[in-house]
There are 2 protein chains.
Amino acid sequence: MKPTDSELKILQVLWQEGPCTVRQVNERLTENRDVGYTTTLKLMQIMYEKGLLTRVEDARSHVYKANVSEEATQATLLERFVGTAFRGSASKLVMQALGSHKTTPAELDEIRKLLDQIEQQP
Amino acid sequence: MKPTDSELKILQVLWQEGPCTVRQVNERLTENRDVGYTTTLKLMQIMYEKGLLTRVEDARSHVYKANVSEEATQATLLERFVGTAFRGSASKLVMQALGSHKTTPAELDEIRKLLDQIEQQP
DNA sequence: AAGCTAATACGAAACGTTTCGTATAAAAAA
DNA sequence: TTTTTTATACGAAACGTTTCGTATTAGCTT
């Protein structure tokens, strides 16, 4: 599953907030940029048809839930991105990311631990 | 400058091969997927108008050159990608990338060195 | 019950990107 | 010189995504 940019924004709301109605999602989206209610509705309907979301229709308003995990989605997107933008070289991407972004010492430590783990594998 | 996917493919050819005619670029692109000559031509004309490419019109066929560096372009794309897919967390992206991709010991070493550098900065 | 509010469904317009057909010109081949 | 090949330019169709107007239905309020 490769969500589009708009779909990703909706998924992120659901990942952060848990199950939401269309209105709730739309309110969160509108904090950043004006989005019409029916726009969000339509997108979420499409995402439901694609299987990206599940929903409960019991109540007056449907309640939607993300049907893909944030980690799995990020993995998919990253895979594609490394391929297109970095011609498959994950290490080049890592170097760029570390070089141009601020990372806390704690995060750097975590990364170091991960490096150890990877190198210790036979 | 944020090149589209197709534009990126063209840039990659030019980064690898250096200055090329439309035909040369098109031949490289066709190795992977069928692309009509005029399609490539049109795209490169658009990229020229956008300033992504420069060209020399002296000869019978124009010779195009990338007008943005691979590194700068990757930085731009990465910036955007971290923002949209990883909500700004470069370290999460790094962890994911390291975890799910094969990296050679030499590359891991390079990354380690970069970590040292970053941590030593005041 | 009648009117108001808030929800879903749906089609189609709007937008950006990609693809290609066609016109035209210039060089190369005959 | 005439024909064939190979360029560029350009407009518009095709495609996917996003946006929104409108119809319809269900619950709330009076």
Side-chain angles (χ1 to χ4, degrees), chain A residues 1-14 19-65 68 73 76-77 80-81 83-85, chain B residues 1-14 19-65 68 73 76-77 80-81 83-85:
Chain A
M1 275 297 118
K2 53 136 231 294
T4 66
D5 279 3
S6 300
E7 289 175 343
L8 188 58
K9 290 207 189 90
I10 289 172
L11 282 172
Q12 279 168 351
V13 172
L14 293 170
C20 285
T21 64
V22 173
R23 180 146 303 279
Q24 290 171 320
V25 170
N26 186 245
E27 259 157 25
R28 282 295 311 273
L29 294 181
T30 321
E31 287 170 15
N32 301 318
R33 204 165 49 87
D34 254 33
V35 191
Y37 173 83
T38 52
T39 301
T40 303
L41 172 66
K42 177 72 169 191
L43 270 171
M44 290 176 74
Q45 284 170 346
I46 291 170
M47 292 169 76
Y48 170 67
E49 278 158 27
K50 287 191 193 173
L52 285 172
L53 307 181
T54 57
R55 72 181 183 189
V56 177
E57 311 190 8
D58 297 346
R60 165 131 169 65
S61 344
H62 304 170
V63 174
Y64 288 81
K65 236 177 77 180
V68 289
T73 304
T76 302
L77 293 173
R80 183 175 299 266
F81 182 70
T84 59
Chain B
M1 276 294 118
K2 55 135 233 292
T4 66
D5 279 4
S6 301
E7 288 174 344
L8 188 58
K9 290 205 189 91
I10 289 172
L11 282 172
Q12 280 168 350
V13 172
L14 293 169
C20 285
T21 63
V22 173
R23 179 145 306 279
Q24 289 171 321
V25 170
N26 186 244
E27 259 157 24
R28 280 294 312 274
L29 294 181
T30 321
E31 286 170 16
N32 301 317
R33 204 166 48 87
D34 255 34
V35 190
Y37 173 82
T38 53
T39 300
T40 303
L41 171 67
K42 177 73 169 190
L43 270 171
M44 289 175 74
Q45 284 171 346
I46 291 170
M47 292 169 76
Y48 170 68
E49 279 159 27
K50 287 192 194 172
L52 285 171
L53 306 182
T54 58
R55 72 182 182 188
V56 177
E57 311 190 6
D58 298 344
R60 166 133 170 64
S61 344
H62 303 169
V63 175
Y64 288 81
K65 235 178 75 180
V68 290
T73 304
T76 301
L77 293 173
R80 183 177 300 267
F81 182 69
T84 59

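Hydrogens, waters and symmetry mates are skipped; everything else that's a heavy atom, side chains included, is used.
Regarding contacts with the backbone of dT5(C), every side-chain N or O of Arg23(A) stays at 4.0 angstrom or more from both OP1 and OP2. One finds no side-chain N or O of Arg55(B) lying less than 4.0 angstrom from the OP1 or OP2 phosphate oxygen of dA7(D).
Across all strands shown, Ser6(A) has heavy atoms under 4.0 Å from sugar-phosphate atoms exclusively, and none from any base. Thr4(A) comes within 4.0 angstrom of the backbone, heavy atoms only, and of no base. If you check every strand for non-hydrogen atoms under 4.0 Å, Thr39(B) touches a base.
In this structure, the CD atom of Glu49(A) is 14 Å from the C1' atom of dT17(D), given to the nearest Å. Protein atom CD of Gln45(B) is 15 Å distant from nucleotide atom P of dT18(C), rounded to whole Å. In this structure, Glu57(B) places its CD atom 10 Å from C1' of dT8(D), rounding to the nearest Å. One can place CG of Asn26(B) at 14 Å from C1' of dT8(D), the figure rounded to the nearest angstrom. The OH atom of Tyr64(B) sits 6 Å away from the P atom of dT8(D) (whole-angstrom rounding). Look at CE on Met47(A): it is 12 Å from P on dT17(D), rounded to the nearest Å. Atom NE2 of His62(A) is separated from atom P of dC10(C) by 11 Å (rounded to the nearest Å). If you take CG of Leu41(B) and C1' of dA23(C), they are 13 Å apart, rounded to a whole angstrom.
Side-chain contact between Leu29(A) and Thr39(A): absent, with no pair of heavy atoms (C-beta onward) separated by less than 4.5 Å. With contacts defined as side-chain heavy-atom distances shorter than 4.5 Å, the pair Leu53(A)/Leu11(A) qualifies.
Considering only side-chain atoms of Leu43(B), the nucleotide from dT18(C), dA7(D), dA9(D) that sits closest is dT18(C).
Using a distance-only test at 3.5 Å, with no hydrogens or angles considered, a donor-acceptor pair links the side chain of Gln12(A) to the main chain of Thr84(B).
Remark: Leu14(B) CG to Arg28(B) CZ distance equals 10.0 Å, nearest 0.5 Å.
In terms of position along DNA chain D, the nucleotide closest to Val63(B) lies nearer the 5' end than the nucleotide closest to the other residue of the pair Val63(B) and Asp34(A). Position along DNA chain C of the nearest nucleotide to Ile46(B) versus Tyr37(A) favours Tyr37(A) as the more 5'-ward residue.
In this model, a side-chain donor or acceptor of Lys42(A) finds a partner on the base of dG11(C) within 3.5 Å. Remark: the Arg60(A) side chain and the dA6(C) base include a donor-acceptor N/O pair separated by less than 3.5 Å.
Checked against Val13(B) for a side-chain contact (heavy atoms from CB on, under 4.5 Å), the options Thr40(B), Val25(B), Asn26(B) give a single hit: Val25(B).
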